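Note sheet for the following structure.
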Amino acid sequence: MPRVALGVEYDGSGFAGWQVQKDGRSVQATVEQALSRVADHPVKTICAGRTDAGVHACAQVVHFDTSATRRNRSWVLGSNSELPDDVNICWAREVSSDFHARFSALSRSYRYLILNRPVRSAICRQRAWVVYPPLDEVQMQAAASRMLGERDFSALRAAGCQAKSPVRTVMALDVRRRADWLSIDVRANAFLHHMVRNIAGLLMLVGKGDAEPDWADRVLASRDRREAGITAPAQGLYLYHVEYRPDFELPMTDGAGHELGLLPGNQAWPGV
C-alpha cells in the first residue's frame, strides 16, 4: 500500500490541538476528513509532532497509507478544496514504506515569538506573546546557552507529560531581536510536553531582570517544575521545521515559514 507524506500548515487559534479528541476541534480530524474524501476511503495520519491548543505550525509533516492512486498535485489541491481556511496542505510526496513522520525525524525546530512593547496588539494577539516590560535579549541568550546539549529537562516539562524519559538533546537555542520582536528558536531531537513554552517563560523572566542567567542552571539541576517559573502562552509558538534524511527526498519543510517570516535569517518578522 503506498505511503504519502504531506507538509501541513495551520493557524492553531481555533483548534484544541493536533490530536483527535472527543470534545473540541482538532487539526488531525480536520485533515483526515479532507484526505478521506480525496482518497475515497478512511485515512489515518501520523504527525511529526503533536501540537497543543492554540499552537501554530508552518511545517508540520504527516504520513498516511492509502490504496488510492492520486498524483501529488491531486492530494494537495483536492485536500485543500475540502479544508477550512485555517489549515492548508503545502506539498505531497509518495515515500518509501520505511518513512515515518515521527520516528524518522532527526530533529524538530520551534520558534517562539514575543512582541515586546508597552501596549497590547489587536493584530498579533493570537500570533505572539505580548510582553510589556522591556526585555534584555543579551541576558536571555546567556541563559539560553546554559540549556544546550543533552540534559534532564524534568523542570521544564508539564506535570502531565507522558514521556518515558525527561532527557532531551537541545542542538540550538537562540534569542534574536528585531525592533519590538523577539524570537526564541530551539532545535532538539525531541521535546517534552510544554518544554518550549516553559523555556520561553524562563527566558522572559531573565529578560525582565527577575532572575540572572545562571538561574537556568539551578532550574535544570532542581528537576522540579515548581522552580522554573511560568509557562508561556500557546499563541506565540510555531512548529516551523522537521529534519529528515536527505534520501527521503522531501521538499524543504520550512517553506511556509519563510513566507511568514518565522525562520532564522529572515528579517521580515510579523509587524516589522
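Here the structure is a predicted model, which means the values were calculated and not measured. Scope of the values below: all heavy atoms of this structure, side chains included, with no hydrogens, waters or symmetry mates.
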Nearest non-hydrogen partners of His56 and Ser13, listed with the distance: CE1-OG, 3.5 Å
Residue pair Asn116 / Arg177, side-chain donor-acceptor N/O under 3.5 Å: yes
Distance-only side-chain donor-acceptor flag, Thr51 / Tyr10, under 3.5 Å: yes
Distance-only polar pair, side chains of Glu227 and Ser222, donor-acceptor under 3.5 Å: no
Side chains of Thr231 and Arg225, donor plus acceptor under 3.5 Å: yes
Same cluster (ILVMFWY, side-chain, under 4.5 Å), Leu6 and Val242: no
Side chain Arg117, main chain Arg120, donor-acceptor under 3.5 Å: yes
Ser145 OG to Leu173 CG distance, which is reported to the nearest 0.5 Å: 7.5 Å
Whether Tyr244 and Phe99 hold their rings parallel, tilted or perpendicular, with breakpoints at 30° and 60°: tilted
Heavy-atom pair of closest approach, residues Leu156 and Ala228: CD2-CB, 3.7 Å
Enclosure of Ile123 CD1 (heavy-atom neighbours >12, cutoff 6.0 Å): no
Within one Ile-Leu-Val-Met-Phe-Trp-Tyr cluster: Val87 and Val61, side-chain cutoff 4.5 Å: no
Derivation and outcome, side-chain contact (heavy atoms from CB on, under 4.5 Å), residues Trp18 and Asp52: CA-CA 6 Å; Trp18 166 266; Asp52 292 333; over 6 Å; no
Name of the residue among Leu237, Ile114, Leu113 meeting side chain to side chain contact (heavy atoms under 4.5 Å, CB included) with Ile184: Ile114
Phe248 six-ring face occupied by Arg245 cation (under 6.0 Å, within 45°): yes
CD (Gln21) with more than 12 external heavy atoms under 6.0 Å: yes
Glu32 versus Thr45, side-chain donor and acceptor atoms under 3.5 Å: yes
Arg178 CZ to Ser183 OG distance, which is reported to the nearest 0.5 Å: 11.5 Å
Any side-chain heavy-atom pair of Leu220 and Asp152 under 4.5 Å: no
Residue pair Arg50, Gln28: steps toward the side-chain contact (heavy atoms from CB on, under 4.5 Å) verdict: CA-CA 9 Å; Arg50 290 179 292 184; Gln28 183 180 14; over 6 Å; no
Expected output: side-chain Asp11 to main-chain Asp86 donor-acceptor under 3.5 Å: no
Shared hydrophobic cluster for Val138 and Trp215 (ILVMFWY, side-chain gaps under 4.5 Å): no
Asn72 CG to Arg93 CZ distance, which is reported to the nearest 0.5 Å: 5.5 Å
Arg151 CZ: over 12 foreign heavy atoms closer than 6.0 Å: yes
ILVMFWY network linking Val55 to Ile46, side-chain heavy atoms under 4.5 angstrom: no
Sidechain-backbone polar pair: Asn198 side chain, His194 backbone, donor-acceptor under 3.5 Å: yes
Interatomic spacing from CE in Met140 to CG in Leu205 - rounded to 0.5 Å: 9.5 Å
side-chain contact (heavy atoms from CB on, under 4.5 Å) between Val131 and Leu182, worked out: CA-CA 10 Å; Val131 176; Leu182 276 79; over 6 Å; no
Over all atoms of both residues, closest heavy-atom pair of Ala232 and Ala200: CB-CB, 3.8 Å
Passing candidate, side chain to side chain contact (heavy atoms under 4.5 Å, CB included) with Val8, options Val62, Leu239, Leu83: Val62
Which atom of Ser79 lies closest to which atom of Ala34, heavy atoms considered: O-CB, 3.8 Å
Taking every non-hydrogen atom, the tightest pair across Glu212 and Gln139: OE1-NE2, 3.7 Å
Within one Ile-Leu-Val-Met-Phe-Trp-Tyr cluster: Leu148 and Val167, side-chain cutoff 4.5 Å: no
Steps toward salt bridge (Lys or Arg N to Asp or Glu O under 4.0 Å) verdict (Arg146, Asp217): CA-CA 6 Å; Arg146 296 172 179 270; Asp217 294 324; 2.4 Å; yes
Ring-ring centroid check Phe191 Tyr110, cutoff 6.0 Å: yes
Arg187 vs Ser107, side-chain contact (heavy atoms from CB on, under 4.5 Å): CA-CA, chis, key distance, verdict: CA-CA 7 Å; Arg187 178 167 61 94; Ser107 70; 3.7 Å; yes
Backbone N/O of Val175 and side chain of Gln141: donor-acceptor pair under 3.5 Å: yes
Cationic N near anionic O, under 4.0 Å, Arg3 to Asp65: yes
Side-chain (Thr30) to main-chain (Ser26) donor-acceptor, under 3.5 angstrom: yes
Within 6.0 Å of CG in Asp98, more than 12 heavy atoms from elsewhere: yes
Arg197 versus Pro233, closest heavy-atom pair with distance: NE-C, 3.8 Å
Between Thr66 and His41, a side-chain donor and acceptor under 3.5 Å: yes
Sidechain-backbone polar pair: Arg73 side chain, Arg70 backbone, donor-acceptor under 3.5 Å: no
Distance, nearest 0.5 Å, that separates OG of Ser104 from CD of Glu243: 12.0 Å
Geometric cation-pi criterion Arg25 and Phe15, 6.0 Å radius, 45° cone: yes
Side chains of Glu82 and Arg37 in contact at under 4.5 Å (non-hydrogen atoms): yes
Polar side-chain atom of Gln60 near backbone of Ala48 as donor-acceptor pair, under 3.5 Å: yes
Pairwise distance CE(Met204) to CG(Leu202) - rounded to 0.5 angstrom: 9.5 Å
